[in-house]
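All of these numbers come straight from a predicted model, not from anything done at the bench.
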Amino acid sequence: MASGLPNSSSASHSPPGTPPLAKRRPLALSRPAVLSRLGADVPASLVVFLVALPLSLGIAAASGAPIMAGLIAAVIGGIVAGSLGGSPLQVSGPAAGLTVIVAGLVDQFGWQATCAITAAAGVVLLLLGISRVGRAALAVSPVVVKAMLAGIGITIMLQQSQVLLGSTSASSALENVTALPAALADMDVAAALLGGTVVVILLGWKYLPTAVQRVPGPLAAVAAGTALSMAFAPGVQRISLDGNIFDAVALPELPDGNWRTVAFAVLSMALVASIESLLSAVAVDKMQTGPRTNLNRELIGQGAANMVSGTLGGLPVTGVIVRSATNVEAGAATRASAVLHGVWILAFSALFAGAIQLIPLSVLAGLLIIIGVRLIKVADIRTSLRTGDLPIYVVTLAGVVFLNLLEGVMIGLALAAASVLSRVLRPEMQVQSPGLPASPHRVRISGSCSFFALPRLNRILASVPLRKDVVVEVNADYLDHAFREALVAWQRQYQATAGTVRVEEHGNTSFQDAEHRAPQRQSTRELPLHPRNSGQDTSQSILRGISRYHRRFADQVRPLVKDLAEGQRPDALFVACVDSRVNPNLITSSGPGDLLTLRNIGNVTCHAGEDASIDSAIDFAVHGLEVNAIVICGHSNCGAMKALLDGGSAGTADGASAAARETPGAGFDAWLDHARPSFRQFLAGHPVAAAAAEAGYSRLDQLGMVNVAVQLAKLETHAVAGPALAKGSLVATGLFYDIATARVILVTAAGIEILDGSPALEAQPVTATAG
């Protein structure tokens, strides 16, 4: 017998008459797509090259490294990280975020030892990528990262202000601040004017015509500043190079001892490089709709790039948001743009190194000051103020500026973690005095209730007056044994002083569970379902429920009913049984004003004139409120259906006898006349009964489903509902609520269907239809 699957041997060959090379055609057809992508990538790579060139020179100058080290890092970042990284459009190179670390290392260990540290940091990044911890590196509070960048920006501004004024920058921010008055007194006017010109050009660039803005602002500012220096200030201090980029290649050297500090530096550089690269990659993903970043692969690419850059005498490499954003805005399509930008920098550095030496240091200082300014975002400060994170922002920023980058970040992370613990593990507690003399005192506790909160719990409970009636409301999403034990101990002690204590649970975590099992955080309930305890006084239970509603839910419900105060606009008339176990709004996920509900014994309808209450409800719904649907909803284990099964045959022909109507319960028996047609059709083998039997339902529930189908049929001949159904302005739907499984079943004239099949009823098919 032939199967519908292709034979494994024949599937590997071409169909008869097809040339063997036919399989290669998709590659040939894809070439125009590749060429079109290159058509987008080549122009984008040139734009990124023009932006990256001056930035790389400026970052090298700010780091105290050889100028060519910035270009080496730019080349390696573009080619190696661009080829091996996991971000399709991110551009890597030397970054301002590491200038503080590199400057300190150069001052302490020298340049070639710093290169060795860079290569070692690359190994750490590579191992992080191989270990697949890329996403874990994103577990950093955004406010700490934003404060870190702002601190770097302030540090760069303080350093480069000295250079712009014609002085030499110090290694620490505090030294640069204290040296600023002397630098102003001995200011090199020509250098300051050139740097100021660059600052003015960059600040005003966005206000120029669009055609002018097509030229990258940093390139235009550096070119203008260099041209002005050649014409009016030929004696200012300029970049000094020893040959081209190949002459600048230098092998690293191991540091001279102090290995603990070296290891700390390696980890610091790897941590900052990973965080900056990954956050930049995530930001780039948000700017474009193409493939997303593989964060682990991105760490591998950054690690390889730093290993190569450090080995060849380049600066540390990270993903850079400025170049990456430029790449996206320029229309890049693939990673080829990042690779090509590295190729262009290599070619320029090899062929036109002499042109780089024309750039004044103060011009690069003006460029870096603007970069530093742009790292400080007022919007971030406002956000931290709104969210209560301003102390974290200020402390992290101060630590980065006046200590060092890693210590500042570590302090910020510790403070952020402490803030989270305080917010998450510190539940709200308060004691509320009674408004009326007969009302109890209330202790309200909400949030995560753990041993962290015990000191505050004891303080709050100690403030409760003695010998009073006390209600403790526990609204916990997490509750451990220690918290429960402390509360129970206080309850016993308080009751021993002639007071009373009642514990009410309103949260997701059961108070009793904390005694018998390990604590766990429970999922949030969308609705406050709390069954009444057996033996509880009914009237008091209702009043307590109302009190709880007023305290916890009235304010939440008020916005939902605000627009319904003057009238209702329900979508459907929902006909349900009076059974207390059936909650129409719950099983339909509807709210106030959505359903007009008609409830009676057996969820029955009638023919026109048989029952005024049913007729008036249908008329009001269809004509008065213009509902779109009528829903008939039965349920399992229905008492009305059980009564029909027990004595239905007695009234199948003529209805109940006159004597029966005069006996106790005669009103109930008379009402069952509305459902006796359902019993007769059940006995006659209604298709719904057959489908329900096939699905494994009992005779009682089969009758309940048949009853729903019969009531739907009655609507078709009803004087009000019938014409609306025929016209299509009204639809009728049958439902059956299985109480034991809390699942809803769709009932039609031909069968049943279990709605939302996950998870389906045990041992029952998803659908069953009589055939």
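For the pair Gln702 (side chain) and Tyr697 (backbone), a donor-acceptor distance under 3.5 Å is present. A donor-acceptor distance shorter than 3.5 angstrom exists from the side chain of Thr383 to the backbone of Ala379, with no hydrogens or angles considered. Between the side chain of Gln288 and the backbone N or O of Gly290, at least one donor-acceptor pair lies under 3.5 Å. With Asn458 contributing its side chain and Leu454 its backbone, the two residues share a donor-acceptor pair below 3.5 Å. Not one N or O on the side chain of Asn707 forms a donor-acceptor pair closer than 3.5 Å with the backbone of Ser678. Within the 3.5 Å criterion, the main-chain N or O of Asp579 finds a donor-acceptor partner in the side chain of Arg599. Under the 3.5 Å distance criterion, the side-chain polar atoms of Arg426 are left unmatched by any main-chain donor or acceptor of Arg456.
Between Gln432 and the options Arg442, Arg444, Glu473, a side chain to side chain donor-acceptor pair (under 3.5 Å) holds for only Arg444. Exactly one of Arg423, Arg382, Lys146 qualifies for a salt bridge (charged side-chain N to carboxylate O under 4.0 Å, His left out) with Asp389. That residue is Arg423. For the side chain to side chain contact (heavy atoms under 4.5 Å, CB included) with Val706, the lone residue among Val688, Asp701, Leu683 that qualifies is Val688. When each of Thr733, Val575, Ile632, Thr748 is checked for a side chain to side chain contact (heavy atoms under 4.5 Å, CB included) with Leu712, only Ile632 meets the rule.
For the residue pair His441 and Ser433, the shortest heavy atom distance occurs at CD2-CA, 4.1 Å. The minimum heavy-atom distance linking Ile745 with Met705 is given by the pair CD1-CE, 4.4 Å. Heavy-atom minimum distance, Phe682 versus Arg699: CE2-NH2, 3.5 Å. For the residue pair Gly602 and Cys577, the shortest heavy atom distance occurs at N-SG, 3.5 Å. The shortest heavy-atom contact between Ala740 and Ser636 is N-OG, 4.4 Å. The minimum heavy-atom distance linking Ile739 with His635 is given by the pair CD1-ND1, 3.8 Å.
For Gln568, the CD atom sits in a packed shell: over 12 heavy atoms of surrounding residues, nucleotides or ligands are nearer than 6.0 Å. Heavy atoms from other residues, nucleotides or ligands lying under 6.0 Å from CD of Gln430 number more than 12.
Residues Ser450 and Asp480 have side chains that never bring a donor and an acceptor to within less than 3.5 angstrom of each other.
Leu625 CG to Asp619 CG: the interatomic distance, rounded to the nearest 0.5 Å, is 10.5 Å. Interatomic distance, OG1 of Thr588 versus CG of Leu595, reported as 4.5 Å (0.5 Å rounding).
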